[in-house]
Amino acid sequence: MPVQSLAELVRFARLNSPFYQELYSHLPDQVTELTDLPVVPQAEFWRANSPRENRLLTAPLQEAVVFRSGGTTGSPKFSCYTRAEWREFTSAFGAGLVNAGLRPGHRVADLFYAGDLYASFTFILDSLHRSPVANVRLPLGGATPWESTAATLEEFRVEVVAGTPTTLCALAERLTAAGRTLPDVELLFFGGECLFGDQLPLLGKAFPNAEARSLGYASVDAGLLGEAVPGGDPRVHRAFVPHTAVEILDDEDAPVEDTGVPGRLVVTDLRRRLMPVLRYPAGDRAEWVDREAGVFRILGRAEEGVRVGPVSLYTEDVHDIVRGADTADEITGLQLVIRRQDGRDGLVLRLATGEPTDRHGALGAAVAAAVLAQRPAYTGAADAGHVNPLTVEWARHQDLAVNSRSGKLVRVVDERPHS
C-alpha cells in the first residue's frame with residue numbers, strides 16, 4: 001500500500017469512520033496540513049474503538065489481526081491491522097533493526113511475551129523475518145523457564161537477545177546467581193520500556209561481551225514511532241519517514257520547533273486505513289535532536305499513560321478507579337508518580353485532599369486495592385521483584401506539581417533519573 005497524501009487519508013477517514021467524521025465536522029472539505037487537525041482525544045478514541053458497535057474503524061472487522069493495548073482489565077483497548085498493514089509495519093521496523101545493529105547471520109532469541117492478544121513477541125519475530133538481512137530466529141518467548149532459555153542460548157551460541165529490560169535483567173540475575181555467563185551474546189536488544197544505567201552492571205556480569213541497544217520505538221496502538229540511531233544514547237530515534245509523521249507539541253498543542261525543548265510526542269500514520277491514526281498522542285514526552293532529520297530523544301511517559309517496569313497503565317483508567325473508590329468525594333486531585341528505588345521502578349499514587357490526616361489511611365488503602373484489583377499484572381510484577389509495590393502518599397492540592405509555564409496540573413510525575 002503506497003503512502004497516502006494527508007488530504008486523501010483525512011478524506012477517507014471522514015467518509016468511513018463515524019469517529020473521525022464527528023471529530024472533523026468543523027473542518028473545511030480539504031485539509032492539507034497536520035496542524036489543521038485537532039489532536040486525537042484519547043478517551044473518546046478508545047470509547048469509539050469497542051469490539052461491538054465500533055465507531056472508529058473504517059470497515060467491518062472481517063480481515064485483520066487484533067492486539068490488546070495497555071489499559072485495565074475492565075477497560076481493554078484493542079488495535080487492528082489488516083494483513084497488508086501488518087506486513088508493512090513489520091517490514092519497516094525490520095529494516096530499522098539494521099541500524100540497531102542486526103548483522104547478516106545473527107542468531108536472535110526473541111524473549112518478548114506472547115499470548116492474551118499481546119503483540120510484542122509476534123511483532124519482533126515478524127520484523128526479524130522481514131528484515132533485509134538474513135538472520136536465524138529463535139522464538140523462545142518471555143515465559144520460558146530460565147534454565148531452558150539459557151540452555152538454548154548456549155546450544156545455538158546466540159549472538160542477539162531481544163526482550164524487555166525486565167526480562168533481560170531477570171535472566172541476568174538468574175545466570176549470575178548460578179555463576180554462569182553467556183559470552184557469545186553480542187547485543188541485547190531492548191524495547192517496551194526504558195533501560196536505566198543502574199541495570200547495566202547486572203547485564204554486564206551475565207553478558208560480558210554484549211552491548212545494550214534499543215531495537216527501535218513502536219507501540220501496538222500508535223504503530224511506527226522511531227528507528228534506532230547508532231550512538232551512545234539509546235533514547236535517540238529517527239522518525240520512520242515516509243511511513244509516519246512525528247510531531248512534538250507543547251502544552252497548548254503548538255508544534256515545538258527548537259532543539260532540546262520537551263513536549264509530548266504525536267504521530268500520524270500515512271499508510272494505516274482500517275484504524276486510522278491521525279495526530280495520535282503516543283504517550284511519551286520527547287525533544288528534538290535534529291528536527292529537519294526527524295531525530296528526537298525520548299524523555300519518559302506523558303500524561304496519557306505510564307509504564308512501570310513491564311506494566312502499562314492509562315491515567316484515565318486510574319482516575320476512574322480512584323473516583324469509584326472515593327465514595328465520599330474526599331480526593332481533590334491525583335498524580336501518578338514513578339520513582340526508582342533499589343534498582344526497580346515503582347508507582348506512587350499521590351492523592352490530594354484539603355488537609356491530610358491519619359483517617360485518610362483507610363481510604364488510601366482502599367484506593368490502592370481497587371487499582372490493583374483492576375490491574376493484577378502490577379501485583380504479579382511486584383511479587384516477582386520486577387517493580388516496587390504500589391504505594392499511596394497524601395498531599396494538599398496546592399502541593400501537587402504543576403507546569404511552571406501554564407500552571408496546569410501535571411498528571412504524571414516521572415522522578416526517575418533519565419541521564
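- Ring-plane geometry between F67 and W86 is classed as tilted, the angle between the planes lying from 30 to 60 degrees on a 0 to 90 degree scale.
- A donor-acceptor contact closer than 3.5 angstrom links the side chains of N54 and N49.
- The pair E186-R103 does not meet the salt-bridge criterion, since no charged nitrogen lies less than 4.0 angstrom from a carboxylate oxygen.
- With no hydrogens or angles considered, a side-chain donor-acceptor pair links R307 and S312 at under 3.5 Å.
- Around the CD atom of E173, the shell of radius 6.0 Å holds no more than 12 heavy atoms that belong to other residues, nucleotides or ligands.
- The 12-atom threshold is exceeded at CG of D383, counting heavy atoms of other residues, nucleotides or ligands nearer than 6.0 Å.
- When atom types are taken as modelled, the side chain of N209 and the backbone of P183 share a donor-acceptor pair closer than 3.5 angstrom.
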Derivation of the side chain to side chain contact (heavy atoms under 4.5 Å, CB included) call for H106 and S131: CA-CA 12 Å; H106 263 163; S131 174; over 6 Å; no

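- The two atoms that bring L27 and P38 nearest to each other are CD1-CD, 4.3 Å, heavy atoms only.
- More than 12 heavy atoms of other residues, nucleotides or ligands sit less than 6.0 Å from atom CD of E44.
- Although no hydrogens or angles enter the test, the distance criterion places a donor-acceptor pair under 3.5 Å between the side chain of R213 and the main chain of A100.
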Quick one, F78 with R68, criterion side chain to side chain contact (heavy atoms under 4.5 Å, CB included). Give me CA distance, side-chain angles, the key distance, then yes/no. CA-CA 5 Å; F78 302 99; R68 187 193 307 272; 4.2 Å; yes

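- With E85 contributing its side chain and L274 its backbone, the two residues share a donor-acceptor pair below 3.5 Å.
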When you look at D345 and R416, which way does the salt bridge (Lys or Arg N to Asp or Glu O under 4.0 Å) test go after all the steps? CA-CA 8 Å; D345 292 347; R416 298 173 296 181; 2.8 Å; yes

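- Listed here is the closest heavy atom pair of T149 and L111: CG2-CD2, 4.0 Å.
- The minimum heavy-atom distance linking A172 with L203 is given by the pair CB-CD2, 4.0 Å.
- In this structure, the side chain of R279 engages the main chain of L37 through a donor-acceptor pair within 3.5 Å.
- Between T58 and P276, the closest heavy-atom pair is CG2-CG, 3.6 Å.
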Given D233 and V289, is the side chain to side chain contact (heavy atoms under 4.5 Å, CB included) satisfied, shown in steps? CA-CA 11 Å; D233 190 344; V289 175; over 6 Å; no

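- Under the 30°/60° scheme for interplanar angles, the aromatic rings of Y24 and Y20 are found to be tilted.
- Between F93 and F123, the ring planes are tilted. Angles from 30° to 60° get that label.
- No side-chain donor from either of N388 and Q341 sits under 3.5 Å from a side-chain acceptor of the other.
- Note on ring orientation: taking the six-membered ring where Trp is involved, the planes of F19 and F45 are perpendicular (angle over 60°, cut-offs 30° and 60°).
- A heavy-atom distance below 4.5 Å is not found between the side chains of F189 and I124.
- In this structure the side chain of L225 never reaches within 4.5 angstrom of the side chain of T244, judged on heavy atoms.
- Judged purely by atom type and a 3.5 angstrom limit, E159 uses its side chain to pair as donor or acceptor with the backbone of R107.
- Residues V246 and A239 come closest through the heavy atom pair CG2-CB, 3.8 Å.
- Heavy atoms only, all atoms of each residue included: L6 and E33 are closest at CD2-C, 3.5 Å.
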